[in-house]
**Q** 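There's a structure below that I have some questions on.
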Amino acid sequence: MSDIICPVCKQSLNKDGNCYRCESRHCFDIAKEGYVNLLAGNHKAGESIGDNRDMALSRKKFLEKGYFSPLADKIAELVISHGKSTPTVCDICCGEGWYSNEIIKKIPCNMLCFDLSKEMVRLGAKRKNGATFFVANLASIPLADKSVDVGFHLFAPFHDKEFSRIIKDDGIIVTAVAGENHLFEIKEILYDTPYKNDEAPPETELLTLVEKIKVTKKIHLESAEDIDALFRMTPYYYRTAEKDKQKLLGYEELDVTVDFAIFVYGKQRKA
Ligand SMILES: C[S@@+](CC[C@H](N)C(=O)[O-])C[C@H]1O[C@@H](n2cnc3c(N)ncnc32)[C@H](O)[C@@H]1O
Ligand SMILES: [Zn+2]
């Protein structure tokens, strides 16, 4: 039985030729790239939700250069140390799927990846790396209760109710947020008074924080294109005035700190 459930009736969804089908015969076509759109209700079209094609391509190009490999390596390490053979792993809000691809290279697993953005999911599915990609909203994840060993969730909105529902009793959720010094050198160029990130763990009453891990490294951005791509991946890009954005234009290379705070959560134990 599949871990994926029908977004309409919540029964198990299984591959049936070119679609996924449940017992009540709700049917979801598999796109030519291999992903399936499981957005229910008003979101069905999925075309204009989430990041667009340019954002998705720019993110893919940047991540494939390996600047964020220390973070991917740490997530893979956590999956391996969770200790399950062929674990079910979910890349929650997977973006274009670079991180899950890095993990698949290191550990055989049943990798399930989803994102609200069809463009992101399409790019991820195109890698044909054995992961299952679907378009879905994290507020209603089409996965069965207690089906996931490790859910990882990087730089995206948090939803503790759904996260605690989909993980097994001994499962974990691994979340990463920007650490306090993340890209501080870029902020120093852009702003008169640069602030550090507050690095707080996402708040939850349903999951228990079991570990905090820091991954920090200096990277050398090799081109103006990479500097621009990284800046566009940050929330500050959308908050920075046009005149301040210009300040980055003269840089052809840059040494910057990448600083990630990883929080590992388990299921809350009942007293
Ligand atoms: C900053 S990106 C991070 C993507 C990926 N985790 C990575 O680190 O490369 C945030 C992602 O969250 C997705 N997202 C935002 N809201 C979502 C939701 N309600 N359900 C599913 N995905 C969502 C966006 O489409 C986007 O791909
Ligand atoms: Zn159904």
Side-chain angles (χ1 to χ4, degrees), residues 1-57 59-60 84 86-101 103-104 108-154 156-168 171 173:
M1 259 231 295
S2 160
D3 296 320
I4 302 178
I5 57 172
C6 173
V8 181
C9 69
K10 313 290 180 203
Q11 295 180 88
S12 179
L13 263 191
N14 289 290
K15 235 180 183 167
D16 181 7
N18 287 335
C19 74
Y20 277 83
R21 205 185 291 279
C22 70
E23 290 234 317
S24 301
R25 308 204 60 77
H26 297 120
C27 177
F28 302 86
D29 291 340
I30 298 174
K32 68 175 188 307
E33 295 86 353
Y35 71 91
V36 59
N37 188 345
L38 297 179
L39 277 177
N42 296 338
H43 287 317
K44 187 83 178 117
E47 287 293 357
S48 56
I49 310 169
D51 291 359
N52 64 31
R53 191 157 190 274
D54 283 350
M55 287 153 85
L57 278 171
R59 192 172 192 93
K60 177 173 190 288
K84 295 284 174 76
T86 326
T88 295
V89 181
C90 182
D91 185 352
I92 299 166
C93 302
C94 60
E96 55 64 62
W98 179 76
Y99 291 93
S100 37
N101 192 46
I103 291 166
I104 287 170
C109 57
N110 170 28
M111 181 67 80
L112 306 167
C113 308
F114 78 89
D115 196 280
L116 189 58
S117 158
K118 193 159 152 178
E119 291 304 337
M120 291 284 193
V121 167
R122 177 180 284 147
L123 282 182
K126 273 183 164 179
R127 284 198 183 90
K128 306 270 181 209
N129 59 9
T132 302
F133 278 88
F134 47 99
V135 184
N137 191 330
L138 90 162
S140 179
I141 302 175
L143 290 177
D145 296 358
K146 302 186 183 184
S147 54
V148 170
D149 292 295
V150 180
F152 70 95
H153 163 263
L154 313 176
F158 200 76
H159 202 295
D160 61 351
K161 195 162 168 227
E162 279 297 85
F163 295 175
S164 67
R165 180 184 68 77
I166 63 168
I167 57 171
K168 295 179 182 172
I173 292 288

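What's counted below: heavy atoms across the whole structure, side chains too, no hydrogens, waters or symmetry copies. In this chain, numbering begins with 1 at the start of the sequence shown.
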**Q** Could you tell me whether a side-chain N or O of D115 sits under 3.5 Å from a main-chain N or O of V135, the two making a donor and an acceptor?
**A**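 Checking the backbone N and O of V135 against the side chain of D115, no donor-acceptor pair under 3.5 Å is found.
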
**Q** Which pairs pass salt bridge (Lys or Arg N to Asp or Glu O under 4.0 Å) with one or both residues in residues 134-144, sequence neighbours excluded?
**A**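 For residues 134-144: none.
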
**Q** Restricting to side chain to side chain donor-acceptor pair (under 3.5 Å), what partner residues turn up for S164, sequence neighbours left out?
**A**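 If we apply the side chain to side chain donor-acceptor pair (under 3.5 Å) test to S164, skipping adjacent residues, there are no hits.
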
**Q** In the structure I gave you, are the side-chain heavy atoms of L112 and T88 within less than 4.5 Å of one another anywhere?
**A**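 Side chain of L112 against side chain of T88, heavy atoms only: contact under 4.5 Å found.
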
**Q** Just jot down the ring-ring contact (aromatic ring centres under 6.0 Å, His included) partners of F158, sequence neighbours excluded, or say none.
**A**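 F158: ring-ring contact (aromatic ring centres under 6.0 Å, His included) contacts with H153, F163, Y265.
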
**Q** So N110 and V89, do their side chains get closer than 4.5 Å, heavy atoms only?
**A**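 They are not in contact (no side-chain heavy atoms under 4.5 Å apart), so the answer is no.
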
**Q** Within the structure provided, determine whether L39 and P7 are in side-chain contact (heavy-atom separation under 4.5 Å).
**A**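 Heavy-atom side-chain distance check fails, nothing below 4.5 Å.
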
**Q** Return the set of residues passing ring-ring contact (aromatic ring centres under 6.0 Å, His included) with F114 (not counting sequence neighbours), or none when no residue passes.
**A**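 Applying ring-ring contact (aromatic ring centres under 6.0 Å, His included) to F114 gives F134.
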
**Q** Output all residues satisfying side chain to side chain contact (heavy atoms under 4.5 Å, CB included) with L154, sequence neighbours left out; order by chain, then residue number.
**A**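 Result, side chain to side chain contact (heavy atoms under 4.5 Å, CB included) vs L154: I75, Y99, F152, A176.
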
**Q** Can you list the residues that meet the salt bridge (charged side-chain N to carboxylate O under 4.0 Å, His left out) rule with D16, with sequence neighbours excluded?
**A**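 By the salt bridge (charged side-chain N to carboxylate O under 4.0 Å, His left out) rule, D16 matches R21.
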
**Q** Do R165 and K146 come within less than 4.5 Å of each other through their side chains, counting heavy atoms only?
**A**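 With C-beta onward as the side chain, the pair stays apart.
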
**Q** Flag yes if more than 12 heavy atoms outside K84 fall under 6.0 Å of its NZ atom; otherwise flag no.
**A**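 More than 12 heavy atoms, drawn from other residues, nucleotides or ligands, come within 6.0 Å of this atom.
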
**Q** What I want to check is whether the side chains of S147 and D3 have a donor and an acceptor closer together than 3.5 Å.
**A**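 No - no donor-acceptor pair under 3.5 Å links their side chains.
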
**Q** K168: which residues meet the side chain to side chain donor-acceptor pair (under 3.5 Å) condition with it, sequence neighbours left out?
**A**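 Here the qualifying residues are D149.
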
**Q** Which residue pairs pass the side-chain hydrogen bond (donor to acceptor under 3.5 Å, both in side chains) test when at least one of the two sits in residues 22-32, sequence neighbours left out?
**A**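 The answer is Q11-S24.
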
**Q** Mark yes or no for whether R122, through its side chain, and Y35, through its backbone, hold a donor-acceptor pair below 3.5 Å.
**A**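 Flag not set: sc R122 to bb Y35 has no pair under 3.5 Å.
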
**Q** Who passes side chain to side chain contact (heavy atoms under 4.5 Å, CB included) against K10, sequence neighbours left out?
**A**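 Once residues adjacent in sequence are excluded, the partners of K10 under the side chain to side chain contact (heavy atoms under 4.5 Å, CB included) criterion are I5, S140.
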
**Q** Sequence neighbours excluded, which residues qualify as side chain to side chain contact (heavy atoms under 4.5 Å, CB included) partners of N101?
**A**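 Result, side chain to side chain contact (heavy atoms under 4.5 Å, CB included) vs N101: K105, R127, N129.
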
**Q** Count the heavy atoms of every other residue, nucleotide or ligand shown that sit under 6.0 Å from CG of N18, and state whether that count exceeds 12.
**A**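 Not more than 12 within 6.0 Å, no.
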
